[in-house]
Amino acid sequence: MSNDIRICLSDCRFFANVTGDSLDRLVGMARIIKLPKGQVVFRQGDECPGLYVVAEGSIKVYKTAPTGKEHILHFVGPGMTFAEVAAIGGFECPAFAEAVEDSRCVLLPKTPFARAMREDHNLCLQLMGSMAFWVRHLVGLMEDIVLRDAAGRLAKHLLEVSGGSTSFFELPTMKKDLASHLNLTSETFSRTLKRLEAASLIESQSGGGMRIANREGLAEIADGVYPLL
């Protein structure tokens with residue numbers, strides 16, 4: 001099991017530069033947890049259990065409004081982390097986390113992880129760099145919401161999930177969850193998806209998959225070079 005944990009941490013961008021004794025210490029404190037689809041990992045306001053690294057599956061991190069409306073902040077897939085800010089800052093969980101499919105995660109418990117940060121200078125330096133990358137990612141999300149219209153946000157997301165050279169892909173989540181993540185209503189999401197398909201930029205495939213038919217054109221929509229008419 002410790003070897004599985006080591007592989008998971010080494011494959012994680014957040015811990016990519018942690019090696020030697022620092023990595024050994026993290027492996028020694030970590031444990032694997034299994035999360036069936038639909039299980040809530042923690043709720044907003046809960047004491048933070050620690051830092052999670054996804055080994056398999058997918059986790060959604062979301063906030064809820066007083067009306068009960070849910071807004072998804074981001075999806076966390078293999079090699080990604082969540083609850084890192086609360087674990088490092090030592091405060092309560094700022095959002096909800098829930099498994100959207102059967103998942104397996106590595107948990108670095110809060111107390112030994114905090115002790116390692118206090119005692120390991122090299123680990124702290126690496127985590128500072130990782131947090132800087134995370135802040136840049138959040139700024140990018142804000143730019144998407146503020147500077148891109150619905151078509152631009154969806155086009156950018158499709159390019160990201162399809163991969164650099166692969167044209168065929170499947171949307172990784174339910175449409176309503178993806179719409180929430182992109183700050184769109186379900187109706188706007190569906191309408192925009194149909195407009196991209198009508199413009200011959202994407203094509204629906206059998207079995208629920210999709211194919212990017214015009215990657216260059218989709219990139220121009222994502223960059224706002226020209227609007228989707």
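For the single chain, residues carry numbers from 1 onward in sequence order. Since the structure is predicted, the reported quantities are computational estimates derived from the model, not experimental observations.
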Using a 4.5 Å cut-off on heavy atoms from C-beta on, say whether the side chain of [Y] contacts that of [X].
X      : Y      : result
Thr64  : Phe96  : yes
Arg148 : Asp223 : yes
Leu26  : Arg6   : no
His74  : Val61  : yes
Leu9   : Val18  : no

Heavy atoms only: give me the nearest [X]-[Y] pair and the separation to one decimal.
X      : Y      : value
Gly50  : Ala87  : C-CB, 3.8 Å
Leu218 : Ile212 : CD2-CD1, 3.9 Å
Ile221 : Ala155 : CG2-CB, 3.8 Å
Cys48  : Ala83  : SG-O, 4.0 Å
Ala86  : Pro94  : CB-CD, 4.1 Å
Met210 : Leu193 : CE-CD1, 4.1 Å

### Message
Show me the pairs that pass salt bridge (Lys or Arg N to Asp or Glu O under 4.0 Å) and involve residues 8-22, at least two apart or across chains.
### Response
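The answer is none; no pair qualifies.
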
### Query
Are Leu127 and Phe91 connected, step by step, through hydrophobic side chains (Ile, Leu, Val, Met, Phe, Trp, Tyr) whose heavy atoms are closer than 4.5 Å?
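As far as the 4.5 Å side-chain criterion goes, Phe91 and Leu127 are connected within one cluster.
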
### Under 3.5 Å donor-acceptor, Gln126 side chain and Phe14 backbone
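A pair under 3.5 Å: yes.
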
### Task
Report yes or no: does Arg195 contribute a side-chain atom to a donor-acceptor pair with the main-chain N or O of Ala151 at less than 3.5 Å?
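Checking the backbone N and O of Ala151 against the side chain of Arg195, no donor-acceptor pair under 3.5 Å is found.
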
How long is the straight-line distance from [atom2] of [Y] back to [atom1] of [X], given to the nearest 0.5 Å?
X      : Y      : atom1 : atom2 : result
Leu154 : Arg191 : CG    : CZ    : 12.0 Å
Leu178 : His157 : CG    : NE2   : 4.0 Å
Leu201 : Glu216 : CG    : CD    : 11.0 Å
Glu70  : Glu98  : CD    : CD    : 7.0 Å
Leu196 : Leu158 : CG    : CG    : 6.5 Å

### Task
Kindly state each residue pair satisfying side chain to side chain donor-acceptor pair (under 3.5 Å) with at least one member in residues 78-92, sequence neighbours excluded.
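Passing the test, one end in residues 78-92: Thr81-Glu84.
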
Show the atom names and distances, to 0.1 Å, of all donor-acceptor pairs under 3.5 Å that link a side chain in residues 34-42 to residues at least two apart or in another chain.
none

### Query
Quick one: salt bridge (charged side-chain N to carboxylate O under 4.0 Å, His left out) partners of Glu197, sequence neighbours excluded?
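Partners of Glu197 under the salt bridge (charged side-chain N to carboxylate O under 4.0 Å, His left out) test: none.
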
### Task
With sequence neighbours left out, write down each residue that passes side-chain hydrogen bond (donor to acceptor under 3.5 Å, both in side chains) with Thr185, or none if nothing qualifies.
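Thr185: side-chain hydrogen bond (donor to acceptor under 3.5 Å, both in side chains) contacts with Thr188.
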
Pairs under 3.5 angstrom only: tabulate donor-acceptor contacts from the side chains of residues 103-120 to other protein residues two or more places apart or in another chain.
| unit_1 | atom_1 | unit_2 | atom_2 | d |
| --- | --- | --- | --- | --- |
| Ser103 | OG | Ser58 | N | 3.1 |
| Ser103 | OG | Ser58 | O | 3.3 |
| Ser103 | OG | Glu101 | O | 2.7 |
| Arg104 | NH2 | Glu56 | OE2 | 3.1 |
| Lys110 | NZ | Glu47 | OE2 | 2.3 |
| Glu119 | OE1 | Arg25 | NH1 | 3.2 |
| Glu119 | OE1 | Arg25 | NH2 | 2.5 |
| Asp120 | OD1 | Ser22 | OG | 3.4 |
| Asp120 | OD1 | Asn122 | N | 3.2 |
| Asp120 | OD1 | Leu123 | N | 3.1 |
| Asp120 | OD2 | Ser22 | OG | 2.5 |

### Message
Show, in sequence, the C-alpha distance, side-chain angles and deciding distance for Leu23 and Phe15, and conclude whether the side-chain contact (heavy atoms from CB on, under 4.5 Å) test is met.
### Response
CA-CA 8 Å; Leu23 181 59; Phe15 296 105; 5.8 Å; no

